[in-house]
Enquirer: 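Before I ask anything, let me first share the structure, which is written out below as structure tokens.
Worth saying up front: this structure is predicted, and the values here are computed from it rather than measured. Every heavy atom of this structure was used, including side-chain atoms; hydrogens, water molecules and symmetry mates were not.
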Amino acid sequence: MKTGLFISFEGPDGAGKTSVLEALVPLLQEKIGETIITTREPGGIAISEKIREVILDVAHTNMDDKTELLLYIAARRQHLVEKVLPALAAGHLVLVDRFIDSSVAYQGYGRGLDIPAINWLNDYATDGHKPDLTLYFDVPSDIGLERISQNANREVNRLDLEALSMHQKVRSGYLRIAEQESNRVVTIDASQPLEAVISDAYQVILAALEKANK
């Protein structure tokens, strides 16, 4: 690769994006033969992982919505400057599990907080950095929650305890983002069998890599 490429994976709970990301790494590694950096939000580095523990703790159900948003924003800033930007500067492919769109979908559309304010906070925290490509894994909310309930190995966090209506608002938000930013966001049908979802995502990333290296 000539320059680093920044790809985010987004989706409502139960979409399977994390499983897809993990499955793609060896496939992409074999294809490009170069270092691939994988990380997640909130988290990815020590400070942000500690913030993650606070945000997702099931004991913190009384957390104020704006507090939740600001914690995500703080974790994002530290993660970006400490891990993501240095990796991109070194020319690596960076795959991140959630980024700016999660705040808009969850705290904006889901919680009902002011979306222009969230966009401003995202822009402030990231100095305007956006992914080169975002894969949005779309799945109906009831299917996503059913998957979570059947996956004994999955971390159950505070957001998983939200009502179905909250998750439906989040999904609607993601669909709106995908429509508004179609130049960056590619929607993938995550209701398909996992292997089909992995294949679709792989092809989209390969096309992005080819375009970046022209």
Side-chain angles (χ1 to χ4, degrees), residues 3-13 15 17-18 21 37-57 60 62-137 157-159 162 166-167 169-187 208 212:
T3 57
L5 191 68
F6 183 17
I7 301 177
S8 63
F9 287 55
E10 294 281 358
D13 292 283
K17 60 180 175 46
T18 303
L21 191 157
I37 304 299
T38 62
T39 188
R40 69 176 182 176
E41 282 203 353
I45 46 99
I47 293 173
S48 298
E49 287 290 340
K50 289 182 179 180
I51 297 174
R52 179 188 182 90
E53 292 175 8
V54 174
I55 296 172
L56 299 182
D57 192 328
H60 296 165
N62 64 334
M63 183 179 293
D64 177 77
D65 294 344
K66 289 184 179 180
T67 300
E68 179 184 82
L69 169 64
L70 292 169
L71 286 171
Y72 276 115
I73 294 294
R76 177 164 301 134
R77 173 63 185 180
Q78 189 65 30
H79 176 238
L80 182 76
V81 299
E82 187 173 335
K83 188 169 187 177
V84 175
L85 293 182
L88 292 172
H92 299 314
L93 170 61
V94 178
L95 309 179
V96 60
D97 189 339
R98 297 200 182 284
F99 194 56
I100 54 175
D101 299 310
S102 284
S103 292
V104 178
Y106 280 84
Q107 283 71 52
Y109 289 95
R111 302 290 192 204
L113 297 182
D114 185 68
I115 291 175
I118 295 173
N119 287 331
W120 184 89
L121 285 167
N122 270 331
D123 189 62
Y124 180 72
T126 65
D127 297 320
H129 288 283
K130 286 189 175 184
D132 300 297
L133 169 67
T134 295
L135 301 183
Y136 166 57
F137 297 87
N157 61 56
R158 187 172 57 86
L159 295 180
E162 295 287 346
M166 163 69 172
H167 293 277
K169 291 175 183 177
V170 169
R171 185 193 180 206
S172 295
Y174 270 124
L175 291 171
R176 176 66 68 86
I177 293 168
E179 179 183 2
Q180 293 175 337
E181 300 207 39
S182 57
N183 61 320
R184 171 174 64 88
V185 181
V186 175
T187 300

Enquirer: Can you name the nearest heavy-atom pair linking Ala125 to Leu80, along with the distance?
Expert: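 Closest approach of Ala125 to Leu80: O-CD2, 4.2 Å.
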Enquirer: Tell me every residue that passes side chain to side chain donor-acceptor pair (under 3.5 Å) with Arg77, counting only those two or more places apart in sequence or in another chain.
Expert: Asp127
Enquirer: Does His129 form a side-chain contact (heavy atoms from CB on, under 4.5 Å) with Leu88? I'd like the steps, not just the answer.
Expert: CA-CA 11 Å; His129 288 283; Leu88 292 172; over 6 Å; no
Enquirer: Run the side-chain donor-acceptor check on residues 171-178: report pairs under 3.5 Å with partners two or more places apart or on a different chain.
Expert:
residue	atom	partner	partner atom	Å
Arg171	NE	Asp138	OD1	2.8
Arg171	NE	Val139	O	3.4
Arg171	NH2	Asp138	OD2	2.8
Ser172	OG	Gln168	O	3.1
Tyr174	OH	Glu10	OE1	2.6
Tyr174	OH	Arg98	NH1	2.9
Tyr174	OH	Ser102	OG	3.0

Enquirer: With Thr67, which residues qualify under side chain to side chain donor-acceptor pair (under 3.5 Å), at least two apart?
Expert: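 Side chain to side chain donor-acceptor pair (under 3.5 Å) check on Thr67 returns nothing, list empty.
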Enquirer: Listing request: all salt bridge (charged side-chain N to carboxylate O under 4.0 Å, His left out) pairs with a residue in residues 83-95, at least two apart in sequence or in separate chains.
Expert: none
Enquirer: For Ser103 versus Ile73, what's the shortest heavy-atom pair and its separation?
Expert: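 Answer, listing the atom of Ser103 first, then Ile73: OG-CD1, 4.4 Å.
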Enquirer: Rounded to the nearest 0.5 Å, how far does CG of Leu56 lie from CD of Glu68?
Expert: 8.5 Å
Enquirer: Taking atom CD1 of Ile47 and atom CD of Glu82, what is their separation to the nearest 0.5 Å?
Expert: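 Atom-to-atom, Ile47:CD1 and Glu82:CD are 6.0 Å apart.
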Enquirer: Leu5 and Leu133: side-chain contact (heavy atoms from CB on, under 4.5 Å), yes or no, with the steps?
Expert: CA-CA 8 Å; Leu5 191 68; Leu133 169 67; 6.0 Å; no
Enquirer: Applying side-chain contact (heavy atoms from CB on, under 4.5 Å), name anything that partners Ile115, two or more places apart in sequence or on another chain.
Expert: Val104, Tyr109, Asn119
Enquirer: Over all heavy atoms of both residues, which pair between Leu113 and Ile118 is shortest? Give the atoms and the distance, please.
Expert: CB-CD1, 4.1 Å
Enquirer: Nearest heavy-atom pair of Ala75 and Pro42: which atoms, and what distance?
Expert: CB-CB, 4.0 Å
Enquirer: Got a sec, which residues hit side-chain contact (heavy atoms from CB on, under 4.5 Å) with Ala87, two or more places apart in sequence or on another chain?
Expert: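 For Ala87, the residues satisfying side-chain contact (heavy atoms from CB on, under 4.5 Å) (neighbours in sequence not counted) are Ile37, His92, Val94.
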Enquirer: Can you sort out the partners of Lys130 under side-chain contact (heavy atoms from CB on, under 4.5 Å), two or more places apart, ordered by chain and number?
Expert: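 Here the qualifying residues are Ile100, Glu181, Arg184.
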Enquirer: Going from CG on Leu69 to CD1 on Ile55, what distance comes out if it is rounded to the nearest 0.5 angstrom?
Expert: 9.5 Å
Enquirer: Quick one: does any side-chain atom of His167 pair with a main-chain N or O of Asp13 as donor and acceptor, under 3.5 Å?
Expert: no
Enquirer: Quick one: side chain to side chain donor-acceptor pair (under 3.5 Å) partners of Glu53, sequence neighbours excluded?
Expert: none
Enquirer: By ring-ring contact (aromatic ring centres under 6.0 Å, His included), which residues pair with Phe9, not counting sequence neighbours?
Expert: Phe137
Enquirer: Can you tell me how far apart NE2 (His79) and CG (Leu85) are? Round to the nearest 0.5 Å.
Expert: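 Between atom NE2 of His79 and atom CG of Leu85 there are 10.0 Å.
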Enquirer: Output all residues satisfying ring-ring contact (aromatic ring centres under 6.0 Å, His included) with Phe99, sequence neighbours left out; order by chain, then residue number.
Expert: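 Result, ring-ring contact (aromatic ring centres under 6.0 Å, His included) vs Phe99: Phe6.
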Enquirer: Just verifying a value: how many Å separate Glu41 CD and Thr39 OG1, rounded to the nearest 0.5 Å?
Expert: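 It is 8.0 Å, given to the nearest 0.5 Å.
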Enquirer: State which residues pass side-chain contact (heavy atoms from CB on, under 4.5 Å) with Asp123; sequence neighbours excluded, sorted by chain then number.
Expert: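 Partners of Asp123 by the side-chain contact (heavy atoms from CB on, under 4.5 Å) criterion come out as none, since no residue qualifies.
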Enquirer: Among Arg40, Lys17, Arg52, which one satisfies salt bridge (Lys or Arg N to Asp or Glu O under 4.0 Å) with Asp97?
Expert: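 Only one of Arg40, Lys17, Arg52 forms a salt bridge (Lys or Arg N to Asp or Glu O under 4.0 Å) with Asp97, namely Lys17.
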Enquirer: Evaluate side-chain contact (heavy atoms from CB on, under 4.5 Å) for Met166 paired with Arg111, printing each intermediate quantity in order.
Expert: CA-CA 8 Å; Met166 163 69 172; Arg111 302 290 192 204; 3.7 Å; yes
Enquirer: In Å, rounded to the nearest 0.5 Å, how long is the span from OG1 of Thr187 to CD of Glu179?
Expert: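 Answer for the OG1-CD pair, Thr187 versus Glu179, is 10.0 Å.
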Enquirer: Check whether any side-chain heavy atom of Val96 sits under 4.5 Å from a side-chain heavy atom of Ser8, and report yes or no.
Expert: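 Of all side-chain heavy-atom pairs linking Ser8 with Val96, at least one is under 4.5 Å.
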Enquirer: Measure across Gly110 and Val170 and return the closest heavy-atom pair with its distance rounded to 0.1 Å.
Expert: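 Scanning both residues, the minimum pair turns out to be CA-CG2, 4.0 Å.
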Enquirer: Which residues pass the side chain to side chain donor-acceptor pair (under 3.5 Å) test with Asn122, not counting sequence neighbours?
Expert: Arg76
